[in-house]
Amino acid sequence: MSQSIEILDQRTQRDMQFVERMEVQLKSLENKFKQVEEGHESNIARQYKSIKAKMEELRPLIPVLEAYKADALLVQQFKEEAANVTELLGSLQEQLGGLDYQELHSRVMDLDNRLRACMQRLACGKLTGISEPITMKTSGSRFGSWMTDPLAPAGDNRVWYMDGYHNNRFVREYQSMYDFMTTDNFTSHRLPHPWSGTGQVVYNGSIYYNKFQSHTIIKFDFSTSLISRSRQLDFAGYNNMYHYSWGGHSDIDLMVDESGLWAVYATNQNAGNIVLSKLSPNTLQIIRSWTTNHPKRSAGEAFMICGTLYVTNGYSGGTKVYYAYSTNSSTYEYIDIPLTNKYSHLSMLDYNPRDRALYAWNNGHQVLYNVTLYHIIQ
């Protein structure tokens, strides 16, 4: 939480600098506007119209700027509360039993919930940085996936865990992140068909996955233990035809961002380059597709944030996010965002819009990364 608050604080401070520049610009324009109104000289009539139009464009920003000021104060309160809780935890270590654990736990959870709510108020933005990794657990084989449900209701903090990349059908359910990190207490769910790759995602109580040795997408409802929908992803390569560079039957990668469910794959029609499709979570039908110029076999891993696909240059050793394709503008760009590959082999990398974090499976380690987004005021 402290790391998240620090990132939020840095982002808010940057936004505040933008706010201050905008306020100066607004005041300057208002002064010019008054001068023009007092003058009425014919030779500045064109300037008058231009400045008036600019003022009308900027005027709606005023309440937004005021909201950012309030958010900056809120972040400061978070920092102070986090410092207080940290001090209490330090005291607890020195004198065990001196503090009420339930009260302390309640304060931490309240702070966590308020922090999540604050982060959700931030609009979508462009990825500008990835934090150092936080290792949550060391377990399983070299390949696998783990996740939480971004649409889970408040209080539902279950963790889902899938070891291996092929011919396995057992999904572990841990009741909380704490249970996942500290115990082996889990419930096992048996899927009706084995999965392929590590591109599974849990979304709104169901798991979406690629059926082994096929281009079929399955939606399995955990509450009923039944398949609620299945559909073939037409023309998608499968069975190691168009995998990520690390292999592992990773032909079809399902992912979620702020706007919904996505599938990343490749086709013969697009010469093995990445195809990106928005899917209906209910019917699994393709809502819209985008074709990119990036070869899927050259991609290390990929994830979606705010309608933009981000691709890494590899999966082992020094790694960075270097390619971004925006579905909003149907354009791409090359970027350079370092990604610390602590255990030297990434076989899963997915974004969770609720946590604003990347979940990774790194050579038998389950890892989290915080992300920094540049938010554009709208």
Side-chain angles (χ1 to χ4, degrees), residues 1-12 75 78 82 108-109 111-138 144-162 174 176-181 198-204 253-262 300-312 319-321 324 337-343 346-362 365-375:
M1 278 198 296
S2 297
Q3 191 173 11
S4 296
I5 290 172
E6 187 62 32
I7 292 170
L8 190 61
D9 183 44
Q10 292 173 3
R11 194 157 55 211
T12 306
V75 172
F78 281 144
V108 171
M109 293 307 297
L111 179 60
D112 181 53
N113 291 334
R114 290 169 59 196
L115 178 60
R116 284 183 189 273
C118 182
M119 292 176 73
Q120 289 302 317
R121 290 178 60 186
L122 295 171
C124 262
K126 181 179 179 180
L127 180 68
T128 59
I130 300 173
S131 74
E132 289 297 304
I134 304 168
T135 303
M136 309 303 288
K137 189 171 185 173
T138 300
S145 62
W146 73 294
M147 65 215 78
T148 58
D149 186 346
L151 286 188
D156 182 351
N157 300 308
R158 287 177 293 174
V159 176
W160 309 92
Y161 174 98
M162 304 171 74
Y174 294 84
S176 68
M177 187 67 74
Y178 180 79
D179 283 351
F180 174 70
M181 293 170 60
T198 59
Q200 308 87 5
V201 63
V202 174
Y203 189 57
N204 199 23
D253 192 1
L254 300 171
M255 51 189 73
V256 167
D257 73 350
E258 288 79 359
S259 63
L261 180 66
W262 300 84
E301 266 292 340
F303 54 90
M304 291 290 298
I305 297 181
C306 298
T308 295
L309 176 71
Y310 294 95
V311 180
T312 71
T319 308
K320 66 179 180 180
V321 179
I337 301 176
L339 174 69
T340 302
N341 191 351
K342 187 173 183 179
Y343 303 106
L346 285 168
S347 61
M348 170 255 175
L349 188 63
D350 267 341
Y351 173 69
N352 186 308
R354 183 177 74 164
D355 299 337
R356 294 280 169 104
L358 293 173
Y359 284 62
W361 190 290
N362 195 339
H365 300 80
Q366 291 73 53
V367 174
L368 282 180
Y369 298 86
N370 283 309
V371 298
T372 302
L373 305 181
Y374 178 74
H375 301 277

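Note: hydrogens, waters and symmetry copies are ignored here, and every other heavy atom, side chains too, is used. Here, residue 1 is the first one in the sequence, and each next residue gets the next number.
Atoms CG and OH, on Leu339 and Tyr369 in that order, are 4.5 Å from each other to the nearest 0.5 Å. For the atom pair CG (Leu368) and CG (Leu358), the distance works out to 9.0 Å, reported to the nearest 0.5 Å. Going from atom CE of Met348 over to atom CE of Met147 covers 5.5 Å, rounded to the nearest 0.5 Å. Rounded to the nearest 0.5 Å, atoms OG1 (Thr148) and CZ (Arg354) are 5.5 Å apart. For the atom pair Gln200 CD and Leu254 CG, the distance stands at 8.0 Å (nearest 0.5 Å). To the nearest 0.5 angstrom, Met255 atom CE is 13.0 Å from Asn352 atom CG.
Judged as a side-chain contact (heavy atoms from CB on, under 4.5 Å), and not counting sequence neighbours, the contacts of Lys137 are Ser139, Tyr174, Phe180, Asp184, Gln366. Taking Tyr310 as the reference, Phe303 meet the ring pair (Phe, Tyr, Trp, His ring centres under 6.0 Å) condition, with sequence neighbours excluded. For Tyr343, the ring pair (Phe, Tyr, Trp, His ring centres under 6.0 Å) partners two or more places apart in sequence, or in a different chain, are His365. Partners of Asn341 by side-chain hydrogen bond (donor to acceptor under 3.5 Å, both in side chains), not counting sequence neighbours, listed by chain and number: Thr319, Asn362. Checked against side-chain hydrogen bond (donor to acceptor under 3.5 Å, both in side chains), Ser347 has no partners two or more places apart in sequence or in another chain. In this view, Asp350 satisfies the side-chain hydrogen bond (donor to acceptor under 3.5 Å, both in side chains) rule with no residue, not counting sequence neighbours. In terms of the side-chain contact (heavy atoms from CB on, under 4.5 Å) criterion, residue partners of Ile337 (sequence neighbours excluded) are, by chain and number, Leu127, Ile130, Val321, Ile335. Under the ring pair (Phe, Tyr, Trp, His ring centres under 6.0 Å) criterion, Trp262 pairs with Trp290, sequence neighbours left out. Contacts of Tyr359 classified as ring pair (Phe, Tyr, Trp, His ring centres under 6.0 Å), with partners at least two apart in sequence or in another chain: Trp146. Residues meeting the side-chain hydrogen bond (donor to acceptor under 3.5 Å, both in side chains) test with Thr340, sequence neighbours left out: Glu132. For Asp156, the salt bridge (Lys or Arg N to Asp or Glu O under 4.0 Å) criterion is met by Arg158, not counting sequence neighbours.
Here the closest non-hydrogen pair linking Val367 and Pro133 is CG1-CB, 3.3 Å. A pairwise comparison of heavy atoms in Gly307 and Asp257 identifies N-OD2, 2.6 Å as the closest pair. Nearest heavy-atom pair across Val256 and Pro150 is CG1-CG, 4.0 Å. Across all non-hydrogen atoms, the minimal contact from Ala302 to Leu309 is CB-CD1, 3.9 Å.
In this structure, the side chains of Asn157 and Met177 stay at 4.5 Å or more apart for every pair of heavy atoms. The shortest distance between side-chain heavy atoms of Ile134 and Asn370 falls below 4.5 Å. Between Tyr351 and Glu258, some side-chain heavy-atom pair lies under the 4.5 Å cut-off.
A donor-acceptor distance shorter than 3.5 angstrom exists from the side chain of Thr312 to the backbone of Glu301, with no hydrogens or angles considered. Between the side chain of Thr128 and the backbone N or O of Thr372, at least one donor-acceptor pair lies under 3.5 Å.
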